[in-house]
Every structure is written in structure tokens, then in C-alpha cells.
Protein chains: 2
Amino acid sequence: MVDKEKVRGCILLSALKRFSHYGFNKTTMAEIAKDCSMSAANLYRYFKDKAEIGLCITKNHFEREHKIIIDIIERKGSPSKKLGQVFLALVNYNASEFDNSPAIMELVDHVCTNGSELIDAHREKMHFFISKILKEGQQSGDFRVSNIDETAKTIAFASIPFHATPVFLLLKCGGHTRETMQEMALRVADLMVKGIKKKKK
Amino acid sequence: MVDKEKVRGCILLSALKRFSHYGFNKTTMAEIAKDCSMSAANLYRYFKDKAEIGLCITKNHFEREHKIIIDIIERKGSPSKKLGQVFLALVNYNASEFDNSPAIMELVDHVCTNGSELIDAHREKMHFFISKILKEGQQSGDFRVSNIDETAKTIAFASIPFHATPVFLLLKCGGHTRETMQEMALRVADLMVKGIKKKKK
DNA sequence: AAGATGAATATTAACTTGATTATTCATTAT
DNA sequence: ATAATGAATAATCAAGTTAATATTCATCTT
């Protein structure tokens with residue numbers, strides 16, 4: 001028996017390539033199946049339907065994003081710097097995912113209308129990660145934050161332009177290049193960090 | 001001769017009402033004309049075409065927004081507080097404009113594709129206003145900002161979720177209420193202000 | 001049984017074409 | 001002249017039809 005996960009992986013990869021290039025709607029199940037050398041009917045043994053394939057791709061995207069952030073958090077280094085690194089990593093990861101993906105907005109649309117649980121969970125995760133950095137800074141004495149939860153919520157909100165896909169794509173359309181976005185990520189993070197840094201005597 | 005500006009104002013107001021309720025596309029020139037007791041043909045003596053009406057409405061919207069900000073800037077008060085007031089005013093003005101406007105996104109779409117100069121000019125203005133607040137703070141000794149222009153750009157970028165209409169509407173769809181947005185506006189501004197405040201000895 | 005398929009059916013999307021709407025212009029009214 | 005209009009034309013939209021695609025299922029293969 002061939003590893004079921006391998007097959008699922010092939011389907012998701014083929015689907016993502018086509019969704020990125022030609023769009024979620026224009027991509028047919030037959031095409032995805034052909035890329036994996038199988039019949040369209042057989043796809044349904046691995047995924048409930050096309051919609052689920054789209055959501056699954058997004059789930060994986062979010063999970064990779066989380067891994068990147070966790071790596072940064074677990075790294076040695078000052079919490080002050082970590083926030084900027086996270087913001088920058090978000091821009092870089094999303095830019096690399098969405099460059100050369102002219103039709104990706106269709107998948108985003110699909111997720112926005114059919115994957116609100118996914119999005120909610122992602123928001124929670126972001127909030128959790130930023131809380132973690134704040135707590136670390138609090139303990140190490142780098143930060144002085146009176147209400148960690150509220151501050152994390154604020155910073156998570158400010159991070160939206162750097163990773164929330166529709167906003168991110170919107171900004172790229174609105175004349176912001178990858179370089180501007182990187183710069184803004186670092187500067188916004190920096191300004192907020194300055195706001196919570198413990199004053200040196 | 002009836003004041004030409006009065007007529008233009010009537011057209012713009014009628015159009016906005018219909019665009020907000022029924023959408024830019026569903027609204028016909030005949031309907032707008034009827035609201036102003038004139039023929040559809042006559043509209044073309046006041047506006048080049050329907051597209052221009054949409055852009056003109058947006059221009060006025062931006063101008064009102066600018067007036068609100070100028071008022072805040074010219075007010076007596078500490079520059080530290082003004083930034084938060086501006087962010088909050090942006091949320092409130094945009095929320096009041098777009099509540100009860102179920103179809104406004106169509107107009108936004110139109111402006112995004114056909115009004116890039118308008119949008120660019122608006123961005124510049126925002127940058128200018130924030131620079132002004134920073135300079136005031138610098139002079140009064142409230143702030144210590146090494147590069148005013150860059151910092152203004154950063155803060156202007158961070159303000160996007162609070163007034164850039166497509167992002168604003170996106171966030172409202174994404175579970176953010178008017179109250180959350182108000183809270184976030186104040187908190188984000190506050191955190192950035194803390195980052196540029198001159199340390200007390 | 002598990003893995004896969006082709007053919008059958010249900011959904012969607014693409015393509016007409018008839019109807020609406022945007023826009024122009026010659027003409028009328030003031 | 002300026003202001004406005006109705007009728008004519010051009011562009012766009014919408015309803016209905018046809019073609020493609022998604023999804024199911026009975027069947028075949030291993």
C-alpha cells in the first residue's frame with residue numbers, strides 16, 4: 001500500500017500550483033488528478049471535495065507560518081529583536097508564497113467565505129505567539145508591560161498588514177513593493193518595541 | 001442661473017446614497033437624474049461620465065477626512081494625544097460613513113481600479129499630517145524622533161487598517177466590530193507614541 | 001478487502017441574444 | 001448664449017440555453 005499521506009501531498013501540491021497560476025475556479029479536478037496520474041474520481045478518496053482541498057492548502061500554509069514563528073521564538077536572542085524578526089519573517093514568507101502567484105486571490109476568496117474557523121484559529125495563534133514573546137521580555141527584564149494580553153492583541157492587530165493574505169495582497173497592489181513591506185515590518189515592530197521597552201536608568 | 005455647484009452637490013449626494021445602498025453598478029444614471037429632477041442626458045453637463053461621479057464622491061470623502069485631521073492638529077493639546085485622536089477619528093468617520101452602506105464595496109472597487117492618483121494623493125496627505133504632528137512634538141519637547149520623515153511613513157503605514165477603505169471593510173467583515181476598531185486605534189497609536197516619547201529623567 | 005476507474009448525474013460555468021443602460025447629439029426653451 | 005431635453009447609438013447586463021466540470025456510484029482489478 002502506497003503511503004496515503006504521500007498521495008495527499010501530491011494532490012495538495014499539484015492543486016496549489018494550479019490554483020496559484022490559473023486560479024481556484026479555473027482549475028479542474030481532472031487537471032489535478034492528471035498531475036498525480038490518477039482519475040478525477042479517485043481524488044474523492046482523499047478529499048471530500050474541491051473546497052476541502054483549498055482549505056487544506058491554507059491550513060498547511062498557516063502551519064508553516066507558525067513553524068517559522070516558533071523557530072524564531074525558541075532561538076537565543078533578545079525578545080526586543082524577536083518581534084521585528086517575526087514581522088519580517090511574515091513578510092518574507094508571504095511574499096515568497098505569493099510572488100509568481102497571479103491568481104492566488106481566488107483561493108483567498110474561497111478561504112474568506114468558507115474557512116472562517118481556519119482564520120479565527122490563525123488569529124488566536126498569532127495572539128498566542130506574541131503573548132509568548134512579551135512574557136519572555138517581561139521575565140528577562142527587557143520589557144515592562146502592564147497588561148500582556150491587551151498589548152499582545154494590539155501588536156497582533158498591527159501585524160495584520162504583514163501576513164493577513166487579503167490585506168497583504170491589497171498592499172502589494174497599492175504600490176507597496178516587497179522591499180517597502182520589509183522595511184515597514186521592521187519599523188513598525190521597532191516602534192512598538194520601543195514603546196514597551198524598560199527604560200534604562 | 002442656478003448655482004452650478006449646487007446642482008453638482010445634488011448629483012453627488014443622490015449618487016452616493018444609491019451607490020451605498022444598491023451599489024455602483026446597479027445604480028443607473030436615470031435614477032440619479034430623477035433624484036435631482038432632471039434628465040439623464042443633463043447629468044453629462046456636470047460630469048464626464050458615471051465613473052467620474054464615483055471618483056468625485058471619493059475625492060470629497062478624502063477631503064472631509066483631511067478636514068477632520070486638520071481640526072485635530074490645530075487644536076490645543078499635546079502632540080502625544082493628537083496621534084491617538086487622529087486614529088480614533090479615522091475609525092469613527094469611516095465607520096459612520098460605511099455603516100448602513102451594504103453595497104459600498106462596489107464603489108471602492110471602482111476607485112481602486114480607476115482612481116490610483118486619488119489614492120496616492122491621499123497617502124501623501126496622511127504622511128504629511130503625521131509628519132506635522134511629529135514636528136510639533138519634536139519642537140515642544142514631547143518627542144525625540146531621529147528621522148521624522150521615516151517615522152511618519154511608518155506611523156502612516158500602521159494607520160492603514162483604520163482608514164484605507166478596503167482594508168477597513170475587510171476587517172469589519174473579519175469579526176472586528178466598531179468598538180474593537182476604536183480600541184485598536186487608540187492602543188496602536190498609544191504604543192507608537194510611547195516609542196517616540198522623550199524619556200523623563 | 002482496498003485501490004482505482006469510467007460512465008452517469010448534478011452543478012457550474014460559458015455562450016448566446018434580447019433588453020437595459022450609458023452616452024451622444026441635434027433640437028427646443030429660456 | 002446657457003440650460004435642458006428626447007431620440008438615436010453604443011456599450012453593458014441579464015435570462016435562458018448549451019457545454020464543461022464536479023461529484024457519485026456501480027464495477028473492475030489487485
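Letters A, B, ... mirror the listed sequences (proteins, then strands); counts begin at 1. Quick note: numbers below take in every heavy atom, side chains included, and nothing from hydrogens, waters or symmetry partners.
The side chain of D49(B) has dT23(C) as its nearest neighbour among dT23(D), dT23(C), dT5(C). Distances from the side chain of K26(B) to the nucleotides dA14(D), dT23(C), dT23(D) place dA14(D) closest. Taking only side-chain atoms of M29(A), from C-beta outward, the nucleotide of dA3(D), dA22(D), dG6(C) with the closest atom is dA22(D). Comparing dA4(C), dT23(D), dC25(C) by their nearest atom to the side chain of N42(A) picks out dA4(C). When distances are taken from the side chain of S39(A) to each of dT5(C), dA22(D), dT5(D), the shortest belongs to dT5(C). Taking the side chain of K50(B) as heavy atoms from C-beta on, and the options dT5(D), dT21(D), dT23(C), the nearest nucleotide is dT23(C). When each of dT5(C), dT21(D), dT5(D) is scored by its nearest atom to the side-chain atoms of A41(A), the top-ranked nucleotide is dT5(C).
Ion pairing between a basic and an acidic side chain is recognised when a charged N comes within 4.0 Å of a carboxylate O; E183(B) and R187(B) show such pairing.
Side chains of T177(B) and T180(B): a donor-acceptor N/O pair is present below 3.5 angstrom, by distance only.
Per the geometry, CD belonging to E31(A) stands 10 Å off C1' belonging to dT21(D), to the nearest Å. Y46(A) places its OH atom 13 Å from the P atom of dA2(C), with the value rounded to the nearest Å. The CZ atom of F47(B) sits 14 Å away from the P atom of dA4(D) (whole-angstrom rounding). In this structure, OH of Y22(A) is placed 20 Å from P of dA13(C), rounded to the nearest angstrom. Remark: C1' of dA14(D) and CG of N25(B) are 13 Å apart, rounded to the nearest angstrom. One atom, CG of L43(B), and another, P of dC25(C), lie 17 Å apart when rounded to the nearest Å. Atom OH of Y44(A) is separated from atom C1' of dG6(C) by 15 Å (rounded to the nearest Å). The distance between atom CD1 of I53(B) and atom P of dT21(C), rounded to the nearest whole Å, is 16 Å.
Checked against the 6.0 Å centroid threshold, F157(A) and H176(B) count as a close aromatic pair.
Paired with H122(A) under the rule ring-ring contact (aromatic ring centres under 6.0 Å, His included), one option of F62(A), F129(A), F128(A) passes, and it is F62(A).
Under 4.0 angstrom from either OP1 or OP2 of dA2(C) there lies no side-chain N or O belonging to R45(A).
Between the D190(B) side chain and the L186(B) main chain, no donor and acceptor come within less than 3.5 Å of each other.
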